[in-house]
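Accompanying notes for the structure given below.
Per chain, numbering begins at 1; letters A, B, ... match sequence-line order.
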Protein chains: 2
Amino acid sequence: MTAQELSGDQRLPIYQRLADVLRRDVTEGRLRPGDRVPSDNELSQTYQLAPGTVRKALDLLVSEELFERFHGRGTFVRRPSFDSSLFRFFRFRSSDGTSAVPEGRILRRVTENVPSYIARQLKIEEGASAISMSRLRLIDDVPIIAEEIWLPLDRFEAFLDIPTGEVGNLLYPVYDEACGQLIAKAEETLTAEAASEQTARLLRIETGTPVMMIDRLAKGYDGTPMEWRRSRGRADLFHYHTEIR
Amino acid sequence: MTAQELSGDQRLPIYQRLADVLRRDVTEGRLRPGDRVPSDNELSQTYQLAPGTVRKALDLLVSEELFERFHGRGTFVRRPSFDSSLFRFFRFRSSDGTSAVPEGRILRRVTENVPSYIARQLKIEEGASAISMSRLRLIDDVPIIAEEIWLPLDRFEAFLDIPTGEVGNLLYPVYDEACGQLIAKAEETLTAEAASEQTARLLRIETGTPVMMIDRLAKGYDGTPMEWRRSRGRADLFHYHTEIR
DNA sequence: GAGTGGTCTAGACCACTAT
DNA sequence: TAGTGGTCTAGACCACTCT
């Protein structure tokens, strides 16, 4: 590569502008998860920057958990492998003691008019048509979590062509392969409530016992809302741990 | 200050060792919350280091949220002002719309033999004597959270001399003033359960309705466990928000 | 051995804050 | 105006990985 100009607002620090360029390379698909990022040397040559400045930009992106660096190997776009993150909250152990991805069973998948609350979250038109799913997650055939999922129809139409029986235990890889939609991050909100009749039936617990409710809005690299999900799980299996300072 | 040697394992990077020295200055009380840390220049002179190395150590401590830096003013030891953090989880609004510190009422304060589970957490002897408190937190006279608190007797004996009526709405400043004990960080574990009779009475809700239970182990700068606390709050007021990547 | 990132130096210049 | 941190340069040397 030959020397290039750094785009963006010239008043911003150089390392910020370089980070912006690289961030955009990811959000716009020129760099994909797992890809190697040009080395410090290459970057300092193409943009005619001191190595320290390049390093500062990369350190920033590492701290954002967008990149990871490996001494002697290179810098790479981090794979967002956070499907386990919800389940980190639950004590998920198979009977053999190993922790595993719970089984996912799609119980229902239809296109429906999206409720206005969810439309607002997904930033689609109120009353527009969207994909609606019910899904049950089990370990050793014991139901742990019941999920309601909504997907915007325009991005995920191709998902409907895949028979529900052939969808594996993880949805996000399927979103990528079938629809070219990458999930990069998410926001979750956590509450507890008393189990409704329907939830109780699905989770095989008594109506009225406490369940944890986790709402997740999953987004792409550029922050576009992609999937809305409400998960309800047995509170007695739930424990969320956090450090505060 | 004159030139000094950096202590610690000589195989560690210099910036790590400098950070260790400064961290210890905080944990051992030579630098207290709000104090100004020596400037980059001073540090690079006293330890005979390049400014970039000093900066790297300080950046590290900033990223740990131990220090904060202000352009043109200096570097300071961060005040751990996280008493609000538990309550960040709850939708705490006064009737006038402003968010405020909830009122804290100590209902009971005695010395008792500490249960073994809590003794293990606080790293004190099983069956040793400790301070045990019940406390209620209210907003506009509405009870929101019921707390059980345990304190090691050796560190907090002086706390018993303060009449419960004179303890304000925040405990940690009192721990500091009365006992010289600074709380710097904490770990919390979050679960939901059905309200017991006693909890229901305190929170003025129905027995069996879901409550959030938050266990907190508060620690000093050096990680010494200081206070164990179990808080139970109305689940309908509770919502915890988090970002995942 | 070639290439990568990690540490460290020794400055320059700038922007912000206090007085 | 003096002192602070923020940015940036232009290297050197080292430790690690791959082949």
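- Spacing between atom CD of Gln16(A) and atom P of dT7(D) amounts to 8 Å, rounded to whole angstrom units.
- The side chain of Ala50(A) lies closest to dA10(D), out of dA10(D), dG5(C), dT4(D).
- In this structure, Phe76(A) places its CZ atom 13 Å from C1' of dC16(D), rounding to the nearest Å.
- Asn41(B) and Ser39(B) are not linked by any side-chain donor-acceptor pair at a separation below 3.5 angstrom, with hydrogens and angles left out of the test.
- When the side chain to side chain contact (heavy atoms under 4.5 Å, CB included) test is applied to Arg32(A), the partners found at least two apart in sequence or on another chain are Asp35(A), Asp176(A), Leu182(A).
- Phosphate proximity of dT7(D) to Lys56(A): present, with a side-chain N or O under 4.0 Å from OP1 or OP2.
- Taking the ring centre of Phe76(A) as origin, the terminal cationic atom of Arg73(A) falls inside the region bounded by 6.0 Å and 45° from the ring axis.
- A salt bridge does not link Glu65(A) to Lys185(A): none of the charged nitrogens lies less than 4.0 Å from a carboxylate oxygen.
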Can you give me the N/O atom pairs linking the protein to nucleotides 14-18 of chain C at distances under 3.5 Å, or say none if there are none?
{"from": "dA15(C)", "atom 1": "N3", "to": "His71(B)", "atom 2": "NE2", "distance (Å)": "2.8"}

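- Ile14(A) comes within 4.0 angstrom of sugar-phosphate atoms only, judged by non-hydrogen atoms across all strands, and of no base.
- Out of dT4(C), dT9(D), dG11(C), the shortest distance to the side chain of Pro51(B) is found at dG11(C).
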inquiry  = Let's go through Arg79(B) and Glu68(B) carefully: what are the C-alpha distance in whole Å and the side-chain angles of both, what is the deciding distance for salt bridge (charged side-chain N to carboxylate O under 4.0 Å, His left out) to 0.1 Å, and is it a yes or a no?
reply    = CA-CA 9 Å; Arg79(B) 281 175 215 280; Glu68(B) 7 178 34; over 6 Å; no
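- Nearest nucleotide to the Arg69(B) side chain, out of dG6(D), dG6(C), dC8(C): dG6(D).
- One interatomic measurement links the two molecules: CG of Leu6(A) to C1' of dC8(D), which rounds to 13 Å at whole-angstrom precision.
- The side chain of Arg55(B) places an N or O atom within less than 4.0 Å of a non-bridging phosphate oxygen (OP1 or OP2) of dG6(D).
- A salt bridge links Arg229(A) to Glu147(A): one of the charged nitrogens lies within less than 4.0 Å of a carboxylate oxygen.
- The closest donor-acceptor contact from the side chain of Gln48(B) to the backbone of Gln45(B) lies under 3.5 Å.
- Of the candidates dT7(C), dC8(D), dT4(C), dT4(C) carries the atom nearest the Glu42(A) side chain, counting heavy atoms from C-beta on.
- Regarding contacts with the backbone of dT7(D), a side-chain N or O of Tyr15(A) is found under 4.0 angstrom from either OP1 or OP2.
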CA sep, side-chain torsions, deciding dist, call: Arg216(A), Glu188(A), salt bridge (charged side-chain N to carboxylate O under 4.0 Å, His left out) = CA-CA 4 Å; Arg216(A) 174 195 286 183; Glu188(A) 294 189 338; 2.9 Å; yes
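- Rounding to whole angstrom units, CZ of residue Arg36(B) and C1' of dG5(D) are separated by 11 Å.
- Separating the CG atom of Leu18(A) from the P atom of dT7(D) is a distance of 14 Å, rounded to the nearest angstrom.
- Straight-line distance from the CG atom of Leu43(B) to the C1' atom of dG3(D): 14 Å, rounded to whole Å.
- Residue Thr75(A) places at least one side-chain N or O under 4.0 Å from the OP1 or OP2 atom of dG5(C).
- dT7(D) atom P lies 13 Å from atom CZ of Arg17(A), rounded to whole Å.
- Between the CG atom of Leu58(A) and the P atom of dG6(C) there is a distance of 9 Å, rounded to whole Å.
- Listed nucleotides: dG5(C), dG5(D), dC8(D). Nearest to the side chain of Thr53(A): dC8(D).
- Side-chain N/O atoms of Ser39(B) include one lying less than 4.0 angstrom from OP1 or OP2 on dT4(D).
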